[in-house]
Amino acid sequence: MDAKSALPHCYRHPGTETGIRCTRCEKPICPECMISASVGFQCPDCVRSGSGTGHGAGANQARTLAGGRVRHDDRLVTKVLIGINVLVYGLVLLYGDRFVDRLVLIGHAFDPSLNEVVGVADGEWYRLLTSTVLHQEPWHILFNLLGLWVIGGIVEPELGRSRYALLCLLSGLSGSVLAYAVAAPNQASLGASGVVYGLIGAWVVLARRRRQDMRPVALFVGLSLLMTFTRPGISWEAHVGGLVAGLLVTYALVQAPRERRELVQYGACGLLLLIDVGVAVGRTLSLT
């Protein structure tokens, strides 16, 4: 066994070997986690407890792979997203189909239950986002909440709260925009699947960046896409749109050069947002 293979692995990033240890607790830490102290480096846990770097506990926080701050609760945004989905589902149970009809994604159609023309093309742009937290069937919301919790629990700690929230927003929006652009104008679409598939795309990029074994990831993505295209009643457009957005956004977040990280990261996200808006405007003009 050579010296490199005998190195320990970072306690926060098991796929990363390192020869550096925290000067206080002696846990192995990689370059992404090490924080300069008066002597040597400390781990994020010791810094959070204010253990002697010469600063307050939050003054020199560790950074995530994408440059975000390491937080004590690294699933906060995921919990908020789950809470929003559960709240909206409760309103669906309380108010029924008329509530769903007001929020579901639909391009342009006459709704007999509302006795009016509805849809994004009729100026109801909010449907592109409200549909991403809307569910009717118990199995549908349970499946999506499970995806948010499991995959979000992998992705959020790697990106940080603000970047992770931006990823979820753009994934959901991109899935809705592709469904709006490609599906029939009177075809309804709802659910957090676009966000979940965006997280799947992010997981692919992060696993590759960490040089992890890609075979389980590829198998999971393949099975997910197989379900997308073989099960009836599935909006494949939302799945594919979310997946592509998740891949692109996360690649920009983790590959941005450190010296101009935020400019590249938020510039790439802004560009994707402009593309989404352009596609949605073009589709609206074609329907009206």
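Scope of the values below: all heavy atoms of this structure, side chains included, with no hydrogens, waters or symmetry mates. Given the structure is predicted, the values throughout are model-derived calculations rather than measurements.
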Of Thr132, Val88, Val104, the one forming a side chain to side chain contact (heavy atoms under 4.5 Å, CB included) with Leu190 is Val104
Test side chain to side chain contact (heavy atoms under 4.5 Å, CB included), reference Ser131, set Val100, Leu105, Val120, Ile106, output is Leu105
Apply side chain to side chain contact (heavy atoms under 4.5 Å, CB included) to Ile200 and Ser224, showing your working. CA-CA 9 Å; Ile200 293 174; Ser224 298; 4.0 Å; yes
Of the non-hydrogen atoms in [X] and [Y], which two are nearest, and what is the gap between them?
X: Gly191; Y: His140; answer: CA-CE1, 3.7 Å
X: Tyr164; Y: Gly152; answer: OH-CA, 3.3 Å
X: Ala66; Y: Arg163; answer: O-NE, 3.2 Å
X: Thr18; Y: His9; answer: CG2-C, 4.3 Å
X: Cys168; Y: Val195; answer: O-CG2, 3.7 Å
X: Thr64; Y: Leu159; answer: OG1-O, 3.2 Å

Hits for ring-ring contact (aromatic ring centres under 6.0 Å, His included) against Tyr180, two or more places apart or cross-chain, chain-then-number order -> none
Backbone of [Y] reached by a side-chain donor or acceptor of [X] within 3.5 Å:
X: Glu156; Y: Val77; answer: yes
X: Thr130; Y: Leu103; answer: yes
X: Asn85; Y: Leu81; answer: yes
X: Glu237; Y: Val182; answer: no
X: Glu26; Y: Arg21; answer: no

With sequence neighbours left out, the residues meeting side-chain contact (heavy atoms from CB on, under 4.5 Å) with Thr288 are Ala121, Thr284
Leu129 meets the side-chain contact (heavy atoms from CB on, under 4.5 Å) criterion, sequence neighbours left out, with Leu169, Leu173
Review item, side-chain donor-acceptor pairs of residues 266-278, under 3.5 Å, at least two apart:
unit_1 : atom_1 : unit_2 : atom_2 : d
Asp276 : OD1    : Ser174 : OG     : 3.4
Asp276 : OD2    : Ser174 : OG     : 2.8

*Salt-bridge test for Arg71 and Asp73: reply yes if a basic N is under 4.0 Å from a carboxylate O, no otherwise.*
no
Decide side chain to side chain contact (heavy atoms under 4.5 Å, CB included) for Tyr89 and Leu145; before the verdict, give the C-alpha distance in whole Å, the side-chain angles of both, and the deciding distance to 0.1 Å.
CA-CA 12 Å; Tyr89 184 65; Leu145 293 187; over 6 Å; no
Transitively linked via ILVMFWY side-chain contacts under 4.5 Å: [X] with [Y]?
X: Tyr126; Y: Leu87; value: no
X: Val80; Y: Leu146; value: no
X: Val196; Y: Val244; value: yes
X: Leu247; Y: Phe229; value: yes
X: Ile84; Y: Leu148; value: no

Exercise. What's the verdict on side chain to side chain contact (heavy atoms under 4.5 Å, CB included) for Ile82 and Thr78, showing C-alpha distance, side-chain angles and the deciding distance?
Worked result: CA-CA 6 Å; Ile82 290 175; Thr78 298; 4.1 Å; yes
key: Non-hydrogen side-chain atoms of Arg283 and Leu287 separated by less than 4.5 Å   = yes
Value for CD1 (Ile20) from SG (Cys10), rounded to nearest 0.5 Å, stands at 11.0 Å
Show, in sequence, the C-alpha distance, side-chain angles and deciding distance for Phe110 and Val118, and conclude whether the side chain to side chain contact (heavy atoms under 4.5 Å, CB included) test is met. CA-CA 6 Å; Phe110 178 79; Val118 300; over 6 Å; no
| field | Distance-only polar pair, side chains of His135 and Asn144, donor-acceptor under 3.5 Å | value | yes
Contacts satisfying salt bridge (Lys or Arg N to Asp or Glu O under 4.0 Å) that involve residues 186-207 (not counting sequence neighbours) are none
Could you check whether atom [atom1] of [X] has more than 12 heavy atoms from other residues, nucleotides or ligands sitting under 6.0 Å from it?
X: Tyr95; atom1: OH; result: no
X: Glu116; atom1: CD; result: yes
X: Tyr11; atom1: OH; result: yes

With sequence neighbours left out, the residues meeting salt bridge (Lys or Arg N to Asp or Glu O under 4.0 Å) with Arg210 are Glu158
Relative to Trp203, does Arg209 satisfy both conditions: NZ or CZ under 6.0 angstrom from the six-membered ring centre, and within 45 degrees of the ring's axis? no
